[in-house]
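One structure is given below, encoded as structure tokens.
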Amino acid sequence: MLRELFGGRPVRVTSPQGRFAAGASLLDGGTVVTAEAWGKQLFVGFAAAPSASVPQEPVHWLRVHLGLYGAWTFAGDGSTDVVHAIGAPRRRIGERDSLPAPVPTPGEWVPPAPRGAVRARLLGPHAVADLTGPTACEVLTPVEKAGVEARLGPDPIRPDGGRASLDAAREAFVARARRSRVTVGQQLMDQAVIAGVGNIYRAEALFRAGVDPLRPGRDVPATALAAVWDDLVVLMRDGADTGRIVTTRPEHRSGPADGGAADARRRTRQNSDGDPGAVPPEQAFSVYHRDGQPCRVCGAPVLLKELAGRNLFWCGVCQG
DNA sequence: GCTGCATGATGAG
DNA sequence: TCATCCTGCAGCA
């Protein structure tokens with residue numbers, strides 16, 4: 001999307017909040033030539049100057065990691081149809097903040113003032129992207145970027161998994177997880193083991209595979225780990241497509257009487273919540289944030305335990 | 001107005 | 001294992 005919004009033309013890069021001022025000045029006036037993701041990291045490639053014919057190799061890479069509360073919010077003149085936000089904003093520019101209505105004459109579009117603590121702002125002729133609250137926002141050289149990527153595990157969303165092939169990526173994940181007696185629950189959160197999995201996918205993928213998250217990685221059968229990988233390939237790509245995480249199987253989604261529905265809505269808001277066609281938020285997860293409620297499959301109460309500083313949710317029966 | 005919480009990661013001890 | 005970084009918002013007074 002950043003490519004669509006800003007690609008090919010010089011982009012103004014600023015740091016309204018000020019904490020990214022030095023990096024912004026390095027990028028300001030450059031051209032976005034590519035944007036790619038590896039796990040939770042976003043890399044935006046900037047070429048120094050626009051050029052009509054010569055293919056542009058990035059000289060700077062903007063590395064962004066949203067972390068827990070980082071978010072992108074987007075606004076534009078309406079000439080490009082984009083989502084309003086990515087990440088953890090409880091607001092959407094297009095909803096509450098209400099953008100200036102699409103201007104009939106795009107040339108006169110004026111970007112809205114930055115709202116909140118905007119670390120970085122990318123501004124093109126027709127659109128603006130504001131970054132708030134990231135864990136990481138820095139400018140890297142191509143060599144530094146390669147160094148970051150070398151430390152990341154395979155990524156189920158990437159077409160080749162970030163390895164020679166998707167099969168090779170799966171094998172790398174399985175072998176790495178079975179190398180250690182660290183619990184598989186912790187390993188799924190380790191970006192060097194597998195990139196891109198967070199607390200939701202960790203809990204949900206292990207539930208779907210019937211794997212006990214507290215089991216040491218080396219004791220989990222390779223077939224089970226391979227199944228977890230294959231499942232994550234489907235789940236995470238679907239999530240990337242829809243901008244929304246849904247991990248329940250249709251037959252396990254309960255009706256409106258589902259306990260804790262309001263609670264689930266409050267605790268994890270996602271894109272397109274409220275969309276009549278979408279799976280309602282209180283039915284999107286099997287175990288995540290469902291502690292104390294009955295397992296959708298067996299009825300046993302969903303368990304909660306703090307593991308390495310993060311909440312782990314699982315069913316002690318289905319994942320026993 | 002204040003407090004606590006959140007889909008993360010890092011560094012000290 | 002803990003503190004710390006960072007931000008916005010729901011839930012409270």
Side-chain angles (χ1 to χ4, degrees), chain A residues 15-20 23 37-42 63-73 83-93 95-97 114-121 130-138 147-149 151-153 155-157 182-183 185-207 213 232 235-240 242-248 260-273 279 281-282 284-291 304-314:
Chain A
S15 179
Q17 172 216 41
R19 295 190 45 195
F20 183 58
W38 191 320
K40 299 167 184 170
Q41 321 244 1
L42 168 70
R63 180 180 80 96
V64 173
H65 189 309
L66 293 180
L68 265 180
Y69 13 74
W72 285 103
T73 52
V83 301
H84 299 300
I86 291 176
R90 314 310 196 228
R91 67 190 155 98
R92 308 263 156 75
I93 282 187
E95 295 165 3
R96 278 243 308 268
D97 215 16
R115 221 188 107 177
V118 174
R119 183 80 59 88
R121 160 168 278 208
D130 284 346
L131 173 68
T132 57
T135 284
C137 175
E138 62 177 352
V148 170
E149 289 182 339
R151 279 174 249 123
L152 291 172
D155 173 358
I157 288 185
V182 172
T183 67
Q186 278 173 270
Q187 297 212 55
L188 280 181
M189 296 284 282
D190 183 345
Q191 301 300 299
V193 173
I194 182 170
V197 175
N199 209 10
I200 297 179
Y201 283 121
R202 178 253 297 260
E204 296 293 307
L206 291 175
F207 173 81
L232 283 168
L235 290 177
M236 292 170 68
R237 290 181 184 189
D238 177 70
T242 62
R244 197 159 186 279
I245 306 177
V246 174
T247 51
T248 45
D263 192 49
R265 247 192 303 276
R266 197 190 75 247
R267 290 172 77 177
T268 310
R269 268 200 223 166
Q270 305 201 65
N271 287 340
S272 77
D273 282 352
V279 175
E282 61 272 22
F285 305 137
S286 295
V287 290
Y288 181 77
H289 274 178
R290 291 194 71 243
D291 49 300
L304 164 63
K305 173 190 174 70
E306 196 167 307
L307 182 64
R310 305 299 301 281
N311 285 332
L312 171 69
F313 305 87
W314 82 108

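First the proteins, then the strands, lettered A, B, ... as listed; each starts at 1.
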- Query: Dot-bracket for DNA chain B, 5' to 3', counting Watson-Crick or G-U wobble pairs under 3.5 Å, with [ ] for crossing pairs and | for inter-strand pairs?
  - Reply: ||||||.|||||.
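- One interatomic measurement links the two molecules: CD of Glu306(A) to C1' of dG4(B), which rounds to 14 Å at whole-angstrom precision.
- Scored by the ring pair (Phe, Tyr, Trp, His ring centres under 6.0 Å) test, Phe313(A) finds Tyr288(A), His289(A) as partners (sequence neighbours excluded).
- In terms of the side chain to side chain donor-acceptor pair (under 3.5 Å) criterion, Gln187(A) has no residue partners (sequence neighbours excluded).
- Taking atom CG on Leu68(A) and atom C1' on dG8(C), their separation rounds to 12 Å, with Å as the unit.
- Looking at residues two or more places apart in sequence or on another chain, you find a side chain to side chain donor-acceptor pair (under 3.5 Å) between Asn199(A) and Arg202(A).
- In this structure, the OH atom of Tyr288(A) is 7 Å from the P atom of dG8(B), given to the nearest Å.
- Here Arg121(A) pairs with Asp130(A) under the side chain to side chain donor-acceptor pair (under 3.5 Å) rule; sequence neighbours left out.
- The phosphate of dT7(B) (OP1 or OP2) has no side-chain N or O of Arg202(A) nearer than 4.0 angstrom.
- By the side chain to side chain donor-acceptor pair (under 3.5 Å) test, Thr183(A) is found to be paired with Gln186(A), residues two or more places apart in sequence or in another chain being considered.
- Per the geometry, CD belonging to Gln17(A) stands 12 Å off C1' belonging to dC5(C), to the nearest Å.
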Kindly give the atom pairs (protein nitrogen or oxygen, nucleotide nitrogen or oxygen) under 3.5 Å for nucleotides 11-13 of chain B.
none

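- Remark: Asp291(A) engages Arg267(A) in a salt bridge (charged side-chain N to carboxylate O under 4.0 Å, His left out) (not counting sequence neighbours).
- The ring pair (Phe, Tyr, Trp, His ring centres under 6.0 Å) test applied to Phe20(A) returns no partner, not counting sequence neighbours.
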